[in-house]
Amino acid sequence: MSGFRLGYSVVILGALVVSGAARGQGADKSGCTLEKQVYTCDWAAFVQRLAKAQTVGVETESMDRFTARQLRELVGELGKTVTTEDQPGDLTFLLIPMQSTGVHIGPAGEALATLRIYAPLPGAPRGTLLWAETYTGQPDRPWPATVHALIQQFRDRLQKH
């Protein structure tokens, strides 16, 4: 029986060591966490990663040339080079509309669009989410105005840093 306990203890201890090592190697403290449909991100870690990036890929919904142009201009203002569609960047900027709840009551704003910024991660389609900027406004706002307001909101946040 003592041999069984010793063997069992060795197996458990080995599993704990392996899981701890995997967690230490795989954890990206600069990523975002999602809780109750709200992303929480580390701004300081994101800003450091942004400063190191040289190239940025731009993604929008298909056929949304206005938004793609606005994002390319933002990337240029940040001193980064926009990659071609087939070339991955150090970061990826994705600007998309938020799904509407379909019901809007009162003057309060609704989440209209999000700018998500990813860092590449092998095996993941977009990579690690580093930052999520959401714009809230009135749902009858035209899409170009929403895109402009969201990008301006992000610029303002960067300037305050």
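One side chain, Glu133 or Gln153, offers a donor N or O that lies under 3.5 Å from an acceptor on the other. Side-chain contact annotation: Asp64 with Trp143, donor-acceptor N/O pair under 3.5 Å present.
Of all the heavy atoms in Ala132 and Cys32, the pair that sits closest is N-SG, 4.5 Å. What you find for Met98 and Ala111 is that their closest heavy atoms are CB-O, 3.4 Å. Across all their heavy atoms, Pro120 and Gly89 have their closest contact at CG-O, 3.7 Å. Of all the heavy atoms in Phe93 and Leu71, the pair that sits closest is O-CD1, 4.1 Å. In plain terms, the two heavy atoms of Lys80 and Ala51 that are nearest each other are NZ-O, 3.5 Å.
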Test side chain to side chain contact (heavy atoms under 4.5 Å, CB included) on Val58 and Val75 and set out the steps. CA-CA 9 Å; Val58 170; Val75 169; 4.1 Å; yes

Would you check, one step at a time, whether the test side chain to side chain contact (heavy atoms under 4.5 Å, CB included) holds for Leu95 with Val147? CA-CA 8 Å; Leu95 197 153; Val147 169; 4.1 Å; yes

Please lay out, stage by stage, how Leu91 and Arg49 fare under the test side chain to side chain contact (heavy atoms under 4.5 Å, CB included). CA-CA 9 Å; Leu91 298 175; Arg49 195 78 178 257; 4.1 Å; yes

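By the 4.5 Å heavy-atom criterion applied to side chains, Ile96 and Thr114 are counted as neighbours. At a threshold of 4.5 Å between non-hydrogen side-chain atoms, the residues Arg157 and Trp131 count as touching.
Relative ring orientation between Phe154 and Trp43 is described as perpendicular, the plane-to-plane angle rising above 60° on a 0-90° scale split at 30° and 60°.
Within the model, atoms CZ of Arg141 and NE2 of His148 stand 8.5 Å from one another, a figure rounded to the nearest 0.5 Å. How far CZ of Arg155 is from CD of Gln159: 8.5 Å, rounded to the nearest 0.5 Å. Note that the CD1 atom of Ile117 and the CZ atom of Arg126 stand 13.0 Å from one another [nearest 0.5 Å]. From Leu158, atom CG reaches atom CG of Leu50 across 6.5 Å, with rounding to the nearest 0.5 Å. Taking OG1 of Thr134 as the reference point, atom CG of Leu112 lies at 10.0 Å (rounded to 0.5 Å). Within the model, atoms CG of Leu94 and CZ of Arg116 stand 7.0 Å from one another, a figure rounded to the nearest 0.5 Å.
Formation of a donor-acceptor pair under 3.5 Å by the Thr146 side chain with backbone atoms of Pro142 is found in this model.
Applying the side chain to side chain contact (heavy atoms under 4.5 Å, CB included) rule to Arg69 yields the partners Phe66, Arg72, Glu73; only residues at least two apart in sequence or on another chain are considered. Under the side chain to side chain contact (heavy atoms under 4.5 Å, CB included) criterion, Gln87 pairs with Thr83, Thr84, sequence neighbours left out.
Residues Leu129 and Leu121 do not share a hydrophobic cluster, clusters being chains of Ile/Leu/Val/Met/Phe/Trp/Tyr side chains in contact below 4.5 Å. Linking Ile, Leu, Val, Met, Phe, Trp and Tyr whenever their side-chain heavy atoms come within less than 4.5 Å puts Tyr118 and Leu34 in one cluster.
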